[in-house]
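These notes are about the structure you will find just below.
Here is the naming used below: chain letters follow the sequence lines, and residue numbers restart at 1 for every chain. The structure displayed is predicted, hence computed values, not measured ones.
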Protein chains: 2
Amino acid sequence: MRQETIENYLKTIYNLSSDNSALVGNKALADKLKLKPATVTEGLRKLHDLKYVVYEKSYGSRLTALGARLALNIVRRHRIWETYLVRELGFGWDEVHEIAEELEHVKNDKLTNKLASILGNPVYDPHGDPIPDEKGKMQKSNFIKLSEARTKLNYKIMGVTDHSSTFLKYLEKHQLTIGTHLKLKTIEAFDHSIVLQYNKKELTISVKAAELVIVEEV
Amino acid sequence: MRQETIENYLKTIYNLSSDNSALVGNKALADKLKLKPATVTEGLRKLHDLKYVVYEKSYGSRLTALGARLALNIVRRHRIWETYLVRELGFGWDEVHEIAEELEHVKNDKLTNKLASILGNPVYDPHGDPIPDEKGKMQKSNFIKLSEARTKLNYKIMGVTDHSSTFLKYLEKHQLTIGTHLKLKTIEAFDHSIVLQYNKKELTISVKAAELVIVEEV
DNA sequence: ATTAAAAATTAGGTATACCAAAATTAGTAA
DNA sequence: TTACTAATTTTGGTATACCTAATTTTTAAT
Ligand SMILES: [Mn+2]
Ligand SMILES: [Mn+2]
Ligand SMILES: [Mn+2]
Ligand SMILES: [Mn+2]
């Protein structure tokens, strides 16, 4: 199997199984990888033979310790490059994901570590995702989705779970960027839209959007 | 054909045919690409269909205008990354070629141009190779191989044609780096070894090494 | 427990990128 | 010219990464 193929599978399994030990289904994996389920079935059989995943036929797959190590490496490179592109090369947070998808496959530890070191070994990337260190360890947090937040409480935006340019531009337009403090004023009983108060203004956002914003109570 | 495959063929044809329009033979191409001639024959047929090369059966191939444009793009990215790695990220000139072989395939003009701009739009890379600008234009020079230099004259080292770590480390050990001024003292009649005088010392180097060093008369 | 829908697998195929061995063509040195 | 050598092409393969359509398994809904 091509190294890049392996890396894309493992990274995606990792991303889809945030509580890492849960099984990831083939359909979800196929969608993220933009492949057909039949293709993914084949791929997983090979990754199983390579001992990167344990594959429970018809139920899904999870990373082995070996697979998780590789996955965390890719995730580290991806997030460090995104941070470097934003902080050192002047890209917007909405532009970097696609470029990082390519740069993440360049394997050179000296390079990755040099970039990290220039950045002061950052712990979060521009989307609020934690950056694993060289050993794969990273910040663990008790952040929640904005869609699960409660009225009257105060929150701070810590990240996003959709890296698409359209979504990030939408957030930026409304000044909903990482670090923004906001208060959850009310939740519409009708459709669960959320009314936010921040920066001396009010904004209503859909559940759909709120599910993609990560916050912390403050 | 995979984009990376195309790019490696075109870049290599370009590098092997520095005197622009000369035909490049399949054997030479196969060696550089670490492929077998049979494979290259196939590849060239496809590149011909894609209008990237003109392929004269049994004699060799040369780039079309379209192919040359793409090739110069890759060469630009390769050389800019090498320069960036050396000047901004603290790598040695002997470490960057392999990394650049991967980075050169990341296609994003904003990124390439940003790196170039940070570097002050450099015209030469760390090995003395000229860097094409966005339109593919680059410095032309009348440099010669050190093996073709004449006794008693003074020269300045302008570049190298072998990017391998072993060769570059050898040069560095003897302080034969780019910019070094030297005088060609004598040429051994026996084996054409060259006796150099520079930095208040003398050094004899083989024809083999001298062929890989590019100099300019000063 | 039955059934319909969704997810996963299998079977059968295409396209790309490579290779070894054999056959051909080009170049060179008598 | 001939005869050898080197380069190139052809032929017949392998391996990987995909796909569609058909079948099977799992899950969810009566
Ligand atoms: Mn990303
Ligand atoms: Mn990110
Ligand atoms: Mn190089
Ligand atoms: Mn170079």
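- Per the geometry, NZ belonging to Lys27(B) stands 16 Å off P belonging to dG27(C), to the nearest Å.
- With dT9(C), dC18(D), dA17(C) as the candidates, the nucleotide lying closest to the side chain of Thr5(B) is dA17(C).
- Between Lys57(A) and Ile6(A), it is Ile6(A) whose nearest contact on DNA chain D lies nearer the 5' terminus.
- For the pair Val160(B) and Ile214(B), the tightest heavy-atom approach, listed with the atom from each and the gap, is N-CG1, 4.3 Å.
- The phosphate of dA26(C) (OP1 or OP2) has a side-chain N or O of Tyr59(B) nearer than 4.0 angstrom.
- In this structure, CG of Asp31(B) is placed 14 Å from P of dA6(D), rounded to the nearest angstrom.
- Below 30°, between 30° and 60°, or above 60°: for His127(A) and Trp93(A) the angle between ring planes is below 30°, a parallel geometry.
- Rounded to whole Å, atom P of dA17(D) lies 12 Å from atom CG of Leu33(A).
- His192(A) and Glu188(A) share no side-chain donor-acceptor pair at under 3.5 Å.
- Remark: P of dA26(C) and CD of Glu56(B) are 12 Å apart, rounded to the nearest angstrom.
- dC19(C) atom P lies 12 Å from atom NZ of Lys34(B), rounded to whole Å.
- Side-chain N/O atoms of His163(A) and Asp129(A) include a donor and acceptor closer than 3.5 Å.
- Nearest-nucleotide assignment on DNA chain D puts the 5′-proximal partner with Ala38(A), out of Ser58(A) and Ala38(A).
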- Message: Using the rule given for side-chain hydrogen bond (donor to acceptor under 3.5 Å, both in side chains), can you reason through Arg76(A) versus Asn113(A), listing the C-alpha separation, both sets of side-chain angles and the distance that settles it, and then say yes or no?
- Response: CA-CA 10 Å; Arg76(A) 172 171 163 79; Asn113(A) 294 336; 2.7 Å; yes

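- For DNA chain C, the neighbouring residues in residues 40-52 of chain B, judged by any heavy atom under 4.0 Å, are Glu42(B), Lys46(B).
- Rounded to a whole Å, the CG atom of Asn26(A) is 13 Å from the C1' atom of dT26(D).
- Nucleic acid contact for Tyr55(A): sugar-phosphate only, since backbone atoms but no base atoms lie under 4.0 Å from a heavy atom of the residue.
- When side chains are defined from C-beta on, Thr161(B) does not count as touching Phe167(B), because their heavy atoms never get closer than 4.5 Å.
- In summary, Glu104(B) and Lys11(B) engage in a salt bridge, as defined by a charged side-chain N under 4.0 Å from a carboxylate O.
- Across the protein-nucleic acid pair, Glu7(B) atom CD and dA17(C) atom C1' stand 16 Å apart, rounded to whole Å.
- Nearest to the side chain of Arg2(A), among dC19(D), dA8(C), dA17(D), sits dA17(D).
- Within the nucleic acid shown, Thr39(A) comes within 4.0 Å of at least one base atom, counting heavy atoms only.
- With rounding to whole Å, Gln3(B) atom CD is found 14 Å from dT16(C) atom P.
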